[in-house]
Amino acid sequence: MKFYNTLTKSVDEFVPNEKGIVKMYTCGPTVYYYAHIGNLRTYIFEDILQKGLEYCGYQVKRVMNITDVGHMTSDADTGEDKMEKGAKREGKTVEEIADFYTKAFFQDLEKLNVKKPKIVEKASAHIDQYVKMVEKLLKDGYAYISNGNVYFDISKIPNYYQLSGKVAEELMIGVRDTVEHDTAKRNPFDFGLWFTLSKFENQAMKWDSPWGVGYPGWHIECSGIASLYLGEYLDIHCGGVDNIFPHHSNEIAQSEAYFGHKWCNFWMHGEHLNDAKGKMSKSNGEILTVSALEKQGFSPLSYRYFCLGSHYRKQLLFSEESLNIAASSYRKLKSKVESIGEEGAYQEDFALSYQEKFKDAIGNDLNTSMMLTILYDVIKDEKLTGTTKLFLIRSFDTVLSLDLLKKEEKVVHELDCFVQEKIKERALAKENKDYQKADLIRDELLALGIRLKDSKDQTTYERL
Ligand code: AMP
Ligand code: ZN
């Protein structure tokens, strides 16, 4: 299997440390608000990766953190703690905010058929581990105390910029004007391992430590949780591309300094979902959530299908129109599958050969659109019996997770509501003698596989 490795900047053969077992760490959400559909694109990519590895015979041990402390509004350790900000906004405690948005996050994952990792751990539950690590980093000369806080000294790490592939000067251009620098740092990219009250007086979540009452930095939580649950070596670490710098670069620096050896061979990053304004982001106000999509009549799995249509390493531009197209293809796919009957004998040779092709698509840097093409090939292959087709669809759906064999009354209902709305809109256009608009609506529906049939006093429709 080959995947693109951000560390080497090439598509590399994937070989885990222990035969057949993959230790995978995926950065989890900062739970100060709902996850937006951009965040969820990253979790869909990681889900397909986990399920793809399992499909190819690996046992995947996966861990995810929940960030409920220490993530500042700026990744460069300045600004407020995002959780504190969320609590103030809603007049609740940090714990209440964390509980509420953690639940909402897992509800969204469930709707998108994203499997919850077996081990999910809150950052605030592992303070002892971070303190232990910070103590060792200080003892070994990788960290220093300044203005009451403990910082990691990146000058001690010769390959600090390897993951980002950028030099300090290039990175400075990105932050110089936008970020207020923490003057306690020796180098602007040194990062906080432990903050004390000297920095944020009103922090709600705080713990005692050898350096005073305070709280951990955002980066140490992932290294701490990963080492507690997966040991000294990781096989794959994932996240969205915005995590490459500084978050993942800092995780590597502190983990390798702590363990004294290489930590993780493979780093995989999902590209962003953008909207017309650019990167979808929780901090810039309006965000699109799964519930918002549902309110607009989309099924969450239409969004999953939309994401699978493009490669995880390509930016994906979201618009209602493109989601509409994906939703229509998804509905057509479901109805094609529905029309296949359990008929004829099971053809083992054909099935094995298609399964091999599917595995090749997984091992081809997680090529989801190729996986979908193989699925469509199976559906239209005249040599295959219905029984073999259904076997393969069930098999592929363990990775795609599109509920292909589930009879979805909800999807049918949504489609009906959507078409009825369009029929009303067209009737109104006709009433207003706007025949151009009426024709446009008819053509728009036709492009989605829906043909309108006008009779004397009503319009009905059929699915093509
Ligand atoms: P956060 O909750 O902000 O810590 O982000 C959770 C995950 O979503 C991280 O892995 C981010 O890299 C990822 N992410 C953030 N914005 C986007 C986006 N617009 N598209 C895809 N992934 C994103
Ligand atoms: Zn992380």
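Counting starts at 1 for both ligands and their atoms, following the listed order.
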Report yes or no: do N113 and D403 form a side-chain donor-acceptor pair below 3.5 Å? yes

What I want to know is whether G38 and ligand 1 share at least one N or O pair that is separated by under 3.5 angstrom. yes

Any N/O/S atom of H247 sitting less than 2.8 Å from the Zn ion (ligand 2), backbone or side chain? yes

Over 60° means perpendicular and under 30° means parallel, so classify the ring planes of Y43 and F105, tilted if in between. perpendicular

Just going by heavy-atom distances, which of L273, I66, N243 is nearest to atom 20 (N) of ligand 1? L273

Looking only at N/O atoms, are G239 and ligand 1 under 3.5 Å apart anywhere? no

The atoms of ligand 1 lying under 4.0 Å from a heavy atom of T42, numbered in the order shown, are 10 (O), 13 (C), 21 (C), 22 (N), 23 (C)

For R41, is there an ion pair with E271 - N to carboxylate O distance below 4.0 angstrom? no

Establish, yes or no, whether a centroid distance under 6.0 Å links the rings of F191 and Y151. no

Nearest non-hydrogen atom to atom 12 (O) of ligand 1 belongs to which of T67, L316, D242? D242

Under 3.5 Å between any N/O of V241 and any N/O of ligand 1: does that happen in this structure? no

Nearest neighbour of atom 5 (O) of ligand 1 from the list T30, T26, N39, on a heavy-atom basis: N39

Mind telling me whether Y58 and F14 have parallel, tilted or perpendicular rings, with 30° and 60° as the class edges? perpendicular

Where do K51 and V399 come nearest, in terms of heavy atoms and distance? O-CG2, 3.7 Å

So that I can check it, does any N, O or S atom in C27 come closer than 2.8 Å to the Zn ion (ligand 2)? yes

Check each atom of ligand 1 against the heavy atoms of E271 and keep those under 4.0 Å away; list them by number with element. 21 (C)

Ring centers of Y229, Y25 separated by less than 6.0 Å: no

Restricting to N, O or S atoms of E251, which is nearest to the Zn ion (ligand 2)? OE2

Should the pair K136 and Y258 be classed as cation-pi, given the thresholds of under 6.0 Å to the six-membered ring centre and 45° from the axis? yes

Part of H36 with heavy atoms under 4.0 Å of ligand 1, whether side chain, backbone, both or neither: side chain

